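Predicted model, so just to flag it, every value in this text is computed and none were measured.
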Amino acid sequence: MWENEWIESARWVRARFGGEWLASSKRMMLLRQHGFLPVYYFPVADVQVDLLEPTEYTTESPYKGTASYWDVVVGHRLAPCAAWSYLDPKPGSPDTRGYYSFDWHSMDAWYEESERLYVHARDPYVRVDALPSRRRVQVEVGGALVADTRRPVLLFETGLVTRYYIPPVDTRADLMRPSATFTMCPYKGRASYYDLLIGDRLYEDAVWEYRRPLPDVVDVTGHFCFWNERD
């Protein structure tokens, strides 16, 4: 039952907080629970438990049981209830005893091997491929043709719609206005957004690009992508 839920990872994973490597392990476990983001668990021997202070806070999971929490304290830095462990997991759930996990956003940085991780742990069952194509792709917004190319890069991501990334020279970049919006993806990196001004109507955050994408999708660098599920 657990073969795709509680799985071993061969990757060296590290979590940093307050200038310390709070946890560092080459024998990680990854919990993949349906409906939730994947979560890394470190064996206790690979955690600096002297930087953890127990709290009385607990949470209940109908699947995993009772989680006990610890504050993470490094010098004058405090991350309240940022570490947890299941000391007595529910029967029928993965045996997480002897493992700690940490709140992703409470940590200063996460790494797999020497690569910085963002947003959440990567799921080994999710694949992302960026493939150059010769398809013709046209994009219309508000009745205006804003992109027309025969050299898109198609991005295929498990469970998501196909995205079409278009070179700047094949777009109406003159209609784009930089937005303050950005998003982060653990597989692609940081996306910057643009509004589109068509006539006197502004379409907010209608376009995005990855200026410095992660290595797996480097072919989309500097290309523009448009929502293909919006009217």
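- Between Ala130 and Asp219, the shortest heavy-atom contact is O-OD2, 3.8 Å.
- Ionic pairing of Asp148 and Arg136 is present here: one or more N-O contacts between side-chain nitrogen and carboxylate oxygen are shorter than 4.0 angstrom.
- Within the 4.5 Å cutoff, the side chain of Val128 has heavy atoms near those of the Leu155 side chain.
- Closest of all the heavy-atom pairs between Lys90 and Gly65 is CG-CA, 3.6 Å.
- Two rings, from Trp227 and Tyr203, have their centers 6.0 Å or more apart.
- A donor-acceptor pair is defined here as one N or O able to donate and one able to accept, closer than 3.5 Å; no such pair exists between the side chain of Ser192 and the backbone of Glu209.
- Side-chain contact between Leu197 and Leu202: present, with at least one pair of heavy atoms (C-beta onward) separated by less than 4.5 Å.
- Contact of the Glu140 side chain with the Leu145 side chain is registered, since non-hydrogen atoms from C-beta on lie closer than 4.5 Å.
- Other residues, nucleotides and ligands contribute more than 12 heavy atoms inside 6.0 Å of the CZ atom of Arg116.
- Not a single donor-acceptor pair under 3.5 Å links the side chain of Ser179 to the backbone N or O of Asp195.
- Taking the six-membered ring for Trp and thresholds of 30 and 60 degrees, Tyr165 and Tyr210 have ring planes inclined between 30 and 60 degrees apart.
- Here the CG-CE distance, from Leu196 to Met176, works out to 6.0 Å after rounding to the nearest 0.5 Å.
- With hydrogens and angles left out, the side-chain atoms of Trp84 and Tyr41 include a donor and acceptor closer than 3.5 Å.
- For the pair Thr96 and Pro89, the tightest heavy-atom approach, listed with the atom from each and the gap, is OG1-CG, 3.5 Å.
- Around atom CD of Gln138, more than 12 heavy atoms belonging to other residues, nucleotides or ligands sit under 6.0 Å away.
- Taken together through direct or relayed side-chain contacts under 4.5 Å among Ile, Leu, Val, Met, Phe, Trp and Tyr, Leu117 and Val47 form part of one hydrophobic cluster.
- Here the side chains of Val141 and Ile198 are in contact, with some heavy-atom distance below 4.5 Å.
- Side chains of Thr183 and Tyr193: a donor on one and an acceptor on the other come within 3.5 Å.
- Counting heavy-atom neighbours within 6.0 Å of Phe182 CZ, excluding the residue itself, gives a total of 12 or less.
- For the atom pair Glu157 CD and Thr162 OG1, the distance stands at 10.5 Å (nearest 0.5 Å).
- To the nearest 0.5 Å, the span separating CZ on Arg172 from CZ on Phe224 amounts to 13.0 Å.
- Put simply, the side chain of Val74 does not reach to within 4.5 Å of the side chain of Arg16, judged on heavy atoms.
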Audit row: Leu52, Leu22, side chain to side chain contact (heavy atoms under 4.5 Å, CB included) steps and yes/no: CA-CA 9 Å; Leu52 307 183; Leu22 176 62; 4.2 Å; yes
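- Linking Ile, Leu, Val, Met, Phe, Trp and Tyr whenever their side-chain heavy atoms come within less than 4.5 Å puts Val39 and Trp6 in one cluster.
- The backbone N or O of Tyr125 lies less than 3.5 Å from a partner atom in the side chain of Asp123, making a donor-acceptor pair.
- A ring pair (Phe, Tyr, Trp, His ring centres under 6.0 Å) with Phe42 is found for exactly one of Phe102, Tyr99, Tyr100, namely Phe102.
- Separating the CG atom in Asp108 from the OG atom in Ser106 is a distance of 9.5 Å, to the nearest 0.5 Å.
- Taking the ring centroids of Trp110 and Tyr40, they lie at or beyond the 6.0 Å cut-off.
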Side chain to side chain contact (heavy atoms under 4.5 Å, CB included) between Leu131 and Val153, worked out: CA-CA 5 Å; Leu131 303 179; Val153 175; 5.8 Å; no
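- Linking ILVMFWY side-chain heavy atoms closer than 4.5 Å, directly or via other members, places Leu78 and Trp104 in two distinct hydrophobic clusters.
- Side chain of Thr55 to backbone of Tyr69: a donor-acceptor contact under 3.5 angstrom is found.
- Nearest heavy atom pair, residue Pro80 against residue Asp71, reads CA-OD1, 3.3 Å.
- In the hydrophobic cluster analysis, where Ile, Leu, Val, Met, Phe, Trp and Tyr join through side-chain heavy atoms closer than 4.5 angstrom, Tyr57 is grouped together with Tyr86.
- Contact between Met28 and Ser25 at its shortest, heavy atoms only, is SD-CB, 3.5 Å.
- Annotation for Glu8: atom CD does not count as buried by contact number, only 12 or fewer foreign heavy atoms lying within 6.0 Å.
- Atom SG in Cys81 sits 10.5 Å away from atom CH2 in Trp70 (nearest 0.5 Å).
- Annotation: cation-pi pair Arg77/Phe17 present, NZ/CZ under 6.0 Å from the ring centroid and within 45° of its normal.
- A distance-only check finds a donor-acceptor pair linking the side chain of Arg177 to the backbone of Asp174 [under 3.5 Å].
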Worked verdict on Leu214 versus Lys188 for side chain to side chain contact (heavy atoms under 4.5 Å, CB included): CA-CA 5 Å; Leu214 296 179; Lys188 301 186 291 291; 5.8 Å; no
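- For the pair Lys26 and Glu113, the salt-bridge criterion is not met [side-chain N within less than 4.0 Å of a carboxylate O].
- Across every non-hydrogen atom of Leu30 and Pro124, the tightest pair is CD2-CD, 3.4 Å.
- Between Cys185 and Tyr118, the closest side-chain pair of non-hydrogen atoms is not below 4.5 Å.
- Between the OG1 atom of Thr181 and the CG atom of Asp205 there is a distance of 3.5 Å, given to the nearest 0.5 Å.
- Tyr164 and Ser133 form no side-chain donor-acceptor contact under 3.5 Å, judged by distance and modelled atom types alone.
- We find that Glu115 and Arg122 are joined by a salt bridge, their nearest charged nitrogen and carboxylate oxygen being less than 4.0 Å apart.
- Under the 4.5 Å side-chain heavy-atom criterion for ILVMFWY residues, no single connected hydrophobic cluster contains both Trp208 and Phe226.
- A donor-acceptor pair is defined here as one N or O able to donate and one able to accept, closer than 3.5 Å; no such pair exists between the side chain of Asp170 and the backbone of Pro152.
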Full working for side chain to side chain contact (heavy atoms under 4.5 Å, CB included) between Met29 and Ile7: CA-CA 6 Å; Met29 297 298 293; Ile7 58 177; 5.7 Å; no
